[in-house]
Amino acid sequence: MRISWITDDHTPATVHYGTSSEKYEYSVTGTVSSYQHLNYTSGQIHDVTIGPLEPSTKYYYRFAPGSTVYSFKTPPAKFPIKFAISGDLGQTGWTQSTLEHVSKSNYDVFLLPGDLSYADTVQPLWDSFGRLVEPLASRQPWMVTQGNHDSENITANPVTFIAYNARWRMPFEESGSGSNLYYSFEVAGVHVNMLGSYTDFQPGSNQYQWLVSDLKKVDRNKTPWLMVLIHAPWYNSNYDHQGEIQSVGMMESVEGLLYKARVDVVLAGHVHAYERFNHVYNHVADNCGPVHITIGDGGNLHGLASNYTEPQPTISAFREASFGHGQFEVVNASYAKWSWHRNQDDESVQADSVSIINLVSNPACHKLEI
């Protein structure tokens, strides 16, 4: 588990931890860094990776004797496991409502398919976002990928994702990736690919070559479930974000790889609404294609994308412009439950749910050569 925190002053990057709040048997020292964005200088960013850790175990940790005590529970080593998912969070009242509902969902891992803070170059907003999510992110692992609002692309500084890469460091080296913008990890029988919609995805690119290599390594006997997260959705019947190269171009480059690998679910953000598609490949229903889900409705300040194309495409199973979050509970090696919970009237209402059968357990969908 990587633990990251930020201080105004330079303090040791040391985490003391153990399975009792009274005794901290272990300590690990990591790194301290900072970044500059135009005339802004960040606080001191501490990164410490602790472990090895036992699964399904509560650990207590602190940064110095007498300092605040935090705790987290490690994910299980085997099924069942529950993911909570919501993209395009931002920092609004709806964001707070989403986080409150997520906190009550008894999730093991939170997945965020891009657009975190909506700082959009106003760097203190990254700090306020950190304070907003800390009550959850300090207790369960948060795994994220980037969105367009995380890029902070400005003419005066052509380097993108400076704050995102410095503040939200993901385990890309451990998965053989050369970039924090795409990586993979495995947990409790699920392999998760976090892909970058806003870095090169063309055939021959570093991300494409890494993805081919990573998918080939997946042992579906050991990790029968395969999930992918992107920011810009490939399937979308909302008027918002139609025809963008990050959607159309990435789909042309990568969809065939995911189909051959028998990816079970593809989750996206970007469109500020919810939409679930049936199993689909190459724009038509296909029982061996992934279930595509857009969940970019975490609560951002730009509001909801409420205009859908009519009639609803036959491959689109459910769509609604509401804020909320999704829950993906993998029950066993072949069966999972997906549910979407909207934030209407500040109450979490389960508005859509479906059972998903693992593709490699379907004899008609044996894995193809990549």
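In what follows, residues are counted from 1 in the order of the sequence shown. Side-chain atoms are counted along with the backbone in the values below, which use heavy atoms only and exclude waters and symmetry mates.
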>> Please verify the inter-ring angle class for Phe110 with Tyr107; under 30° counts as parallel, over 60° as perpendicular, anything in between as tilted.
In response: perpendicular
>> Are Asn362 and Ile357 packed together at the side-chain level, in the sense that at least one heavy-atom pair is separated by less than 4.5 angstrom?
In response: no
> Is there a chain of hydrophobic side chains (I, L, V, M, F, W, Y, each step under 4.5 Å between heavy atoms) that links Ile293 to Tyr308?
Replying inline: no
>> Using modelled atom types and a 3.5 Å cut-off, is there a donor and acceptor pairing between side-chain atoms of Ser197 and backbone atoms of Ala232?
In response: yes
>> What verdict does the side chain to side chain donor-acceptor pair (under 3.5 Å) test give for Tyr335 and Ser355, after you've listed the backbone C-alpha separation in whole Å, the side-chain angles of each residue and the deciding distance to 0.1 Å?
In response: CA-CA 7 Å; Tyr335 172 73; Ser355 298; 3.3 Å; yes
> Would you call the rings of Trp210 and Tyr182 parallel, tilted or perpendicular if under 30° counts as parallel and over 60° as perpendicular?
Replying inline: tilted
> Just wondering, are more than 12 heavy atoms of other shown residues or ligands nearer than 6.0 Å to CG in Asn106?
Replying inline: no
>> Return the CD to NE2 distance between Gln327 and His341, rounded to the nearest 0.5 Å.
In response: 3.5 Å
> Do we see a donor-acceptor contact under 3.5 Å between the side chains of His279 and Asn287?
Replying inline: no
>> Are His292 and Tyr235, when compared by the centres of their aromatic rings, separated by less than 6.0 Å?
In response: yes
>> Taking atom CG as the centre, does Asp219 end up with more than 12 heavy-atom neighbours from other residues, nucleotides or ligands that are less than 6.0 angstrom away?
In response: yes
>> With clusters defined by side-chain heavy atoms of hydrophobic residues (ILVMFWY) lying less than 4.5 Å apart, directly or transitively, does Ile3 cluster with Met143?
In response: no
>> Which residue in the set Leu89, Leu99, Thr92 passes side-chain contact (heavy atoms from CB on, under 4.5 Å) when paired with Leu132?
In response: Leu99
> With a 4.0 Å cut-off, would you call Asp150 and Arg167 a salt bridge?
Replying inline: no
> Counting N and O atoms only, with roles assigned by atom type, does the side chain of Ser175 sit under 3.5 Å from a partner on the main chain of Ser184, one being a donor and the other an acceptor?
Replying inline: yes
> Cationic tip of Arg262 within the cone over Tyr259's six-membered ring, i.e. under 6.0 Å and within 45° of the normal?
Replying inline: yes
>> Assess, by modelled atom type and distance only, whether the side chains of Asn153 and Thr160 contain a donor and an acceptor separated by less than 3.5 Å.
In response: no
> For the residue pair Val15 and Tyr61, what are the closest heavy atoms and their distance?
Replying inline: CG1-CB, 3.9 Å
>> If you define the side chain from C-beta out and look only at heavy atoms, does anything of Gln123 sit under 4.5 Å from Leu38?
In response: no
> If two hydrophobic side chains count as joined below 4.5 Å and joins carry through other members, does Trp5 share a cluster with Tyr24?
Replying inline: no
> Is there a path of hydrophobic side-chain contacts, each under 4.5 Å between heavy atoms of I, L, V, M, F, W or Y residues, that connects Leu136 with Phe72?
Replying inline: no
> How long is the span from the OG atom in Ser42 to the CD atom in Gln44, to the nearest 0.5 Å?
Replying inline: 7.0 Å
>> Would Ser316 and Glu275 count as a side chain to side chain donor-acceptor pair (under 3.5 Å) here? Give the steps.
In response: CA-CA 7 Å; Ser316 174; Glu275 184 166 17; 2.7 Å; yes
>> Please determine whether the number of non-hydrogen atoms from other residues, nucleotides or ligands lying under 6.0 Å from atom CD of Glu310 exceeds 12.
In response: yes
>> Minimum heavy-atom separation for Met170 and Val144, please, with both atom names.
In response: SD-N, 3.5 Å
> Is the closest side-chain donor-acceptor distance between Asn180 and Asn165 under 3.5 Å?
Replying inline: yes
> Just wondering, do Asp88 and Tyr118 contact through their side chains at under 4.5 Å, heavy atoms?
Replying inline: yes
> So how far is it from Leu181 CG to Tyr198 OH, rounded to the nearest 0.5 Å?
Replying inline: 12.0 Å
> What pair of heavy atoms forms the shortest contact from Thr19 to Tyr59, and how long is it?
Replying inline: CG2-CE2, 3.7 Å
> Do you know which two heavy atoms are closest between Ser253 and Pro203, and how far apart they sit?
Replying inline: OG-CD, 3.4 Å
> Mind checking whether Tyr274 and Thr294 have side chains closer than 4.5 Å, heavy atoms only?
Replying inline: no
> Is it the case that more than 12 heavy atoms not belonging to Lys337 sit under 6.0 Å from its NZ atom?
Replying inline: no
> Under the side chain to side chain donor-acceptor pair (under 3.5 Å) criterion, do Glu152 and Thr121 qualify, and how do the steps go?
Replying inline: CA-CA 5 Å; Glu152 302 187 296; Thr121 75; 5.5 Å; no
> Does the separation of the ring centres of Tyr70 and Phe63 fall below 6.0 angstrom?
Replying inline: yes
> With a 4.5 Å heavy-atom cut-off, do Leu258 and Trp234 have their side chains touching?
Replying inline: yes
>> Quick check on the 6.0 Å ring-centre criterion: do His241 and His270 meet it?
In response: yes
> For Arg342 and Asp352, what are the C-alpha separation, side-chain angles and deciding distance, and is it a salt bridge (charged side-chain N to carboxylate O under 4.0 Å, His left out)?
Replying inline: CA-CA 9 Å; Arg342 62 186 176 201; Asp352 179 41; over 6 Å; no
>> Counting neighbours of CD on Glu54 that are heavy atoms of other residues, nucleotides or ligands and sit closer than 6.0 Å, is the number greater than 12?
In response: no
>> Can you tell me how far apart CD (Glu244) and CE (Met250) are? Round to the nearest 0.5 Å.
In response: 13.5 Å
>> Do Phe79 and Val190 have side chains that approach each other closer than 4.5 Å (heavy atoms only, starting at C-beta)?
In response: yes
> Can you name the closest pair of heavy atoms from Pro171 and Arg2 and give their distance?
Replying inline: N-NH1, 4.1 Å
>> Check whether Asp264 reaches the backbone of Asn358 with its side chain - one donor and one acceptor, N or O, closer than 3.5 Å.
In response: no
> Does Phe172 belong to the same Ile/Leu/Val/Met/Phe/Trp/Tyr cluster as Tyr164, with side-chain heavy atoms less than 4.5 Å apart forming each link?
Replying inline: yes
>> Students often mix this up, so state it plainly: with edges at 30° and 60°, are the rings of His302 and His272 parallel, tilted or perpendicular?
In response: parallel
>> Working to the nearest 0.5 angstrom, can you tell me the gap between His325 NE2 and Leu112 CG?
In response: 12.5 Å
>> Between Arg169 and Ser4, is there a side-chain donor-acceptor contact under 3.5 Å, judged purely by atom types and distance?
In response: no
> Backbone N or O of Pro55 within a donor-acceptor pair of the Thr57 side chain at under 3.5 Å?
Replying inline: yes
> Has the side chain of Glu255 got a donor or acceptor atom that lies under 3.5 Å from a matching backbone atom of Asn282?
Replying inline: yes
>> More than 12 heavy atoms of other residues, nucleotides or ligands under 6.0 Å from OH of Tyr40: yes or no?
In response: yes
> If every non-hydrogen atom of Leu125 is compared with every non-hydrogen atom of Ser117, which pair is closest and at what distance?
Replying inline: O-CB, 4.0 Å
> What distance do Leu229 atom CG and Gln146 atom CD have between them, rounded to the nearest 0.5 Å?
Replying inline: 11.0 Å
>> Is the ring pair Trp338/Phe328 parallel, tilted or perpendicular, if the boundaries are 30 and 60 degrees?
In response: tilted
>> Is it the case that the side chain of Asn238 and the backbone of Ala305 share a donor-acceptor pair, with hydrogens and angles ignored and the cut-off at 3.5 Å?
In response: yes
> Do the side chain of Ser97 and the main chain of Asn343 share a donor and acceptor less than 3.5 angstrom apart?
Replying inline: no
> Is there a side-chain contact between Pro233 and Val271, using heavy atoms and a 4.5 Å cut-off?
Replying inline: yes
>> Between Leu195 and Thr145, is there a side-chain heavy-atom distance shorter than 4.5 Å?
In response: no
> Looking only at side chains, do His191 and Asp214 share a donor and an acceptor under 3.5 Å apart?
Replying inline: yes
